[in-house]
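Hydrogens, waters and symmetry mates are skipped; everything else that's a heavy atom, side chains included, is used. Just so it is clear: chains get the letters A, B, ... in the order the sequence lines come, proteins before strands, and each one is counted from 1.
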Amino acid sequence: MSIVIEQPRSPRSRKSANWEKYGWLYMRASGVVLIFLIFGHLFTNLFLGEGIKAIDFAFVGGKWSDPFWQVWDLLMLWLALIHGTNGMRTIVNDYTEREAVRKTLVWSLWSICAVLIVLGTLVVFTFDPCPAGAAAELLPSFCPAK
Amino acid sequence: MATEFEELGAVPSFTVTLFVRRFNPEDGQEARWQDFDVEVHGTDRVLDALHKIKWEMDGSLTFRRSCAHGVCGSDAMRINGRNRLACKTLVKDLDITQPIYVEPIKGLAVEKDLVVDMNPFYQAYRDIKPFLIASDKPEKERLQSAAQHSKFEDTTKCILCAACTTSCPVFWTDGQYFGPAAIVNAHRFIFDSRDEAAEVRIDILNDKEGVWRCRTTFNCTEACPRGIEVTKAIAEVKQAILRGKP
Amino acid sequence: MSNATPKVHHYEYDVVIVGAGGAGMRAAIEAGPHAKTAVISKLFPTRSHTGAAQGGMAAALANVEEDSWEWHTFDTVKGGDYLVDQDAAEILAKESVQAVIDLENMGLPFNRTPDGKIDQRRFGGHTRDHGKAPVRRSCYAADRTGHMILQTLYQNCVKLGIEFYNEFYVLDLIMTKVDGVERPSAVVAYELATGELHVFQGKSIIFATGGFGKIFKTTSNAHTLTGDGVGIIYRKGLPLEDMEFYQFHPTGLAGLGILLSEAARGEGGILRNSSGERFMERYAPTIKDLAPRDMVARAMANEVREGRGAGPNKDYVLLDLTHLPPEVIDEKLPDITEFARTYLGVEPYTEPVPVFPTAHYAMGGIPTNVQAEVLRDNKTVVPGLYAAGECACVSVHGANRLGTNSLLDINVFGKRAGIAAVEYAKTAKHVPVPANAADEVVSMIEKVRNSKGTEKVAVLRKELQDTMDKNAQVYRTEESLNEALDKIAELRERYENISVQDKGQRFNTDLLEAIELGFLLDLAEVLAFTSRERRESRGGHFREDFETRDDKKFMVHSMAYLTDKKPKKPGDNIKLDWKPVTITNYQPMERKY
Amino acid sequence: MWSWVLHRITGVAIFFFLLVHVLDTALVRLSPEAYNAVISTYKIPLIGLAELGLVAAILFHALNGVRVILIDFWRKGVKYQNVMFWIVIAIAAIAFLGFAPRHLSHVFGFEI
Ligand SMILES: Cc1cc2nc3c(=O)[nH]c(=O)nc-3n(C[C@H](O)[C@H](O)[C@H](O)COP(=O)(O)OP(=O)(O)OC[C@H]3O[C@@H](n4cnc5c(N)ncnc54)[C@H](O)[C@@H]3O)c2cc1C
Ligand code: HEM
Ligand code: SF4
Ligand code: F3S
Ligand code: FES
């Protein structure tokens with residue numbers, strides 16, 4: 001066997017090249033925004049008032065009747081899911097050896113991400129804090145059923 | 001005064017146990033640890049201890065080495081779990097009450113004992129076009145200010161020992177990542193004011209296996225026996241890619 | 001397994017270069033674009049020992065002060081104690097400027113002057129106007145000039161797509177008789193990874209295998225500098241020139257040999273013995289610690305010899321920097337501080353550093369003319385065979401090399417060798433290679449591998465190095481050299497009876513160390529022999545029994561040939577001849593600084 | 001390296017929590033009963049403790065994320081990376097200590 005130095009050549013794979021840069025940037029940009037969103041979220045839900053104990057349908061309904069919190073949670077949903085999924089994709093890329101496995105896992109990740117984003121978005125937008133026929137004591141205080 | 005000068009260098013000898021990771025492709029056995037008790041002098045380095053083993057106990061112990069003082073980059077190995085040059089690591093500076101573990105650098109195929117296949121590593125280096133690309137044909141030297149020179153001087157110190165790349169947890173995962181050493185050498189040219197092909201190298205490193213795989217774990221910086229600020233160089237290359245120029 | 005004949009591969013190239021250090025790669029850069037070129041190296045190119053050079057590379061660029069190539073020539077001739085071939089020295093000095101510019105244009109990051117040109121600094125022996133004052137002639141890249149040269153040359157080889165065969169050990173040169181003349185036809189290399197053999201046929205063959213410091217115990221040279229190339233040439237019956245001239249650098253780290261640059265004393269470092277005495281005051285009352293390399297080295301050795309050495313074994317002296325402000329040490333001597341701290345655990349701010357002369361550089365080697373063509377006797381060249389770098393003797397260094405002239409040598413004569421090799425390959429035909437070309441190497445290897453002998457390589461090598469340090473170092477006498485020759489003869493006999501533990505094919509460094517030892521023994525023997533026959537003192541060669549230079553008898557180069565004669569007395573197997581020195585402008589004078 | 005290992009582990013943990021969290025929250029669309037039923041099963045000490053872990057993970061991940069961003073974009077970030085790591089740990093610990101008692105008081109129903 002002879003070890004022959006090959007002519008300098010272009011890198012191993014040129015596919016999806018610039019994607020990585022934008023992914024990298026997105027992780028940072030979304031990270032910064034998420035700090036405010038997540039800590040704001042945690043603060044109001046877990047720290048203020050009764051904390052975790054207070055969380056129930058009424059609590060959520062109360063929050064989402066306010067467009068401010070709707071936008072907040074929606075933004076958080078999108079940013080965090082894409083951030084998390086992209087992070088998971090990196091990890092999958094690192095640790096999978098077989099190309100088929102890698103492809104499957106990455107594809108599943110993005111599918112789950114998409115489903116959850118659609119689901120979450122629908123929930124936030126089509127959410128009715130005072131569903132008809134629900135037991136009144138479960139509803140937020142401003143509902144007419146009360 | 002006399003006694004003071006006579007005492008100098010009077011470092012006692014002592015005995016240590018070395019556990020060396022052995023592998024011989026020809027004997028059909030799996031890789032295994034083998035221990036040796038070695039008497040070393042106070043100023044002996046791990047390389048000296050390995051030589052003692054090779055020369056006095058087991059001639060088949062195989063490792064690379066040449067210069068013996070940290071300039072040729074032959075003998076990067078994992079000593080007590082850290083990548084170092086055997087010729088720059090004094091035995092007495094390790095915890096000698098415990099056995100010393102010596103094994104090949106990680107992430108490259110082991111050929112025999114402490115010798116690994118360096119070709120993928122060299123290939124990544126060659127892939128980033130590690131040479132000056134300039135179109136002008138000056139008759140004398142090209143001019144360069146001290147300030148321009150200082151931008152890349154740190155990364156000219158690289159001896160291609162692979163201590164950095166083989167300490168990088170991202171490289172360990174699949175060996176496809178270009179690795180810090182290649183990026184360091186790209187940095188050396190990207191930031192050289194005489195070079196005209198920064199964009200080409202930037203483009204190469206903007207690859208899926210390029211700089212973006214670096215997770216700033218700093219293992220490379222800690223491992224570099226030349227004290228190169230590897231992670232900093234990588235960060236500068238990332239910024240250059242974002243800007244599209246050095 | 002061990003009896004199977006190794007696989008043999010054949011290749012055909014125009015130019016075959018043995019060695020990928022500075023000289024080999026500089027030649028490759030000239031040859032590669034114009035001829036089918038292979039570079040064969042026992043080390044990956046950037047592991048070569050050129051990378052260890054710190055100080056700089058001389059060239060009369062006159063970037064910082066007035067300078068000229070004539071002055072540089074004069075310094076080189078005088079530094080070499082007039083044994084320099086002056087036509088060669090002129091070429092070295094004249095082509096130095098272009099050599100540096102070449103490197104800069106290839107990308108070497110030299111340190112710069114405020115106006116952006118290549119900066120230059122002072123170095124021992126380099127003066128303005130024939131010795132009037134020190135001159136700033138050394139071009140440098142911090143304290144890693146050699147490293148940058150080696151890296152830059154390799155980078156350009158990558159750029160040019162030069163073919164390398166790395167970790168291939170060349171062990172034999174094949175000479176074929178054509179029209180009554182022995183011509184080189186191929187080299188035979190052993191591949192470390194597989195144990196297979198490779199025959200490289202070439203029209204031109206360049207040897208650039210570096211030095212052989214490992215014949216000594218204390219040396220600044222790498223473990224791999226075992227003089228294989230020089231040994232191969234010598235075994236072919238070709239002469240070796242000026243082998244008695246070996247440079248010992250005064251300040252090697254004691255016991256290790258790792259070099260501490262001359263700058264240490266330049267900045268005011270003082271050498272002391274066990275009682276703390278500044279002993280150089282006795283040897284050189286006026287310039288003291290800044291006397292020339294050979295003088296200082298001898299003084300240090302004498303202190304130790306007379307029992308005034310420091311340390312538990314009284315075998316070194318001390319380099320005292322403690323009176324210097326730490327800032328000066330940090331700024332001017334960073335490498336020294338790092339080496340002392342790392343390797344001896346000595347803190348130079350507060351403790352003196354143990355030092356002892358270290359075997360550093362071979363002035364002698366394979367004789368060549370200024371086209372880098374190898375000589376078969378005092379005049380005739382071997383067509384198609386070239387040598388450059390430390391393994392060659394042009395002779396530009398004479399009896400003592402000036403600091404920074406070797407990095408220059410490898411670039412100037414490496415380039416010349418490359419150009420000459422291509423020119424030759426353009427017109428010449430391949431010399432036929434005999435079918436059994438690899439046989440010699442096969443038997444050499446199999447003999448060692450299959451030997452059931454009782455001698456150990458490491459033991460023999462150590463005994464060799466000990467005797468060389470004791471008998472052929474800075475002080476030599478008829479008696480000590482005879483002792484060395486006797487010992488080497490004994491070791492040669494025992495070498496016939498060595499065996500190795502590793503019998504395998506893959507990465508068998510055990511086997512190769514045994515073979516390298518064979519070359520070391522040969523070279524040590526020539527060195528001791530020619531040292532004995534040169535009954536004078538000149539440059540790096542100091543005979544206590546002949547303390548002065550003898551221009552009447554010894555203003556000549558030694559030329560040593562290995563013969564087939566069965567020696568009755570040690571050294572009998574070597575035929576010695578003398579070759580006149582080429583003098584152009586500078587008549588020999590006493591060497592005074 | 002350990003900062004990265006932790007960052008990665010916490011990232012994964014948060015990701016999986018987020019998956020579950022989106023799903024359970026989506027139950028509000030189904031009916032208040034369903035949502036409350038699921039949420040109330042969360043109100044046991046074990047989950048309470050897990051939530052504590054989650055908050056710790058988010059704290060570390062977020063703060064270390066800031067550290068990573070500073071290393072990437074701030075000139076001196078590389079130099080101070082190690083110091084910043086300990087600052088991250090310190091801030092995370094303080095914030096956690098501020099949060100934990102209050103949360104535990106909610107979970108176990110005691111007053112502080
Ligand atoms: C510590 C130190 C400091 C120095 N500082 C300076 C300085 O400041 N200025 C200066 O001018 N000079 C200096 N020198 C001297 C100078 O560095 C060397 O003389 C010069 O670099 C030699 O270069 P080379 O190309 O001839 O050999 P090397 O660089 O030693 O290369 C030899 C090559 O030959 C190959 N080789 C050897 N044997 C075989 C074989 N059997 N088969 C295949 N390949 C083989 C090796 O792999 C290697 O590639 C210094 C030397 C030392 C040791
Ligand atoms: C609170 C604010 C957050 C910040 C500031 C933040 C910041 C970051 C940053 C900068 C990275 C990139 C690390 C690198 O490239 O080395 C990252 C990676 C990651 N983040 Fe976040 N993040 C936050 C929230 C989240 C959330 C909510 C999730 C889960 C859904 C998450 C999951 C991940 C994952 C899985 C990774 C990949 C880790 C890796 O590759 O090692 N992060 N985060
Ligand atoms: S950057 Fe440092 S650790 Fe990495 S190869 Fe170069 S010298 Fe070795
Ligand atoms: S170890 Fe690896 S992850 Fe980046 S900082 Fe160094 S290259
Ligand atoms: S042997 Fe050269 S770096 Fe260790």
Chemist: Which pairs would a plain distance check flag for residues 79-95 of chain D, meaning a side-chain donor or acceptor within less than 3.5 Å of a matching protein atom at least two apart in sequence or in another chain?
Modeler:
residue, atom, partner, partner atom, Å
D:Q81, OE1, D:R67, NH2, 2.8

Chemist: Not counting sequence neighbours, which residues clear side-chain contact (heavy atoms from CB on, under 4.5 Å) with D:F15? List them please.
Modeler: A:T85, A:M88, A:L109, D:L19

Chemist: Non-hydrogen contacts under 4.5 angstrom with chain D: give the residues of residues 238-246 of chain B involved, or none if there are none.
Modeler: B:K238, B:Q239, B:L242

Chemist: Please table the atom pairs, donor to acceptor, closer than 3.5 Å between any side-chain atom in residues 154-173 of chain B and protein atoms at least two apart or in another chain.
Modeler:
residue, atom, partner, partner atom, Å
B:D154, OD1, B:K157, NZ, 3.0
B:D154, OD2, B:E229, N, 2.9
B:T155, OG1, B:F152, O, 3.0
B:T155, OG1, B:H187, ND1, 2.9
B:T156, OG1, B:E153, O, 2.6
B:T165, OG1, B:A181, N, 3.2
B:T166, OG1, B:N83, ND2, 2.9
B:T166, OG1, B:A162, O, 2.7
B:S167, OG, B:A163, O, 3.3
B:S167, OG, B:C164, O, 2.8
B:S167, OG, B:N219, O, 3.4
B:W172, NE1, B:T166, O, 2.8
B:T173, OG1, A:D94, O, 3.2
B:T173, OG1, B:V170, O, 2.6
B:T173, OG1, B:R213, NH2, 3.3

Chemist: Decide whether B:W212 and B:D207 meet the rule of one side-chain donor and one side-chain acceptor closer than 3.5 Å.
Modeler: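 The answer is no; no qualifying pair exists.
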
Chemist: Would a line drawn from the ring center of D:W4 to the ring center of B:F218 be shorter than 6.0 Å?
Modeler: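 So the answer is no for these two rings.
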
Chemist: Between B:Q123 and B:D127, does any side-chain donor sit less than 3.5 Å from a side-chain acceptor?
Modeler: yes

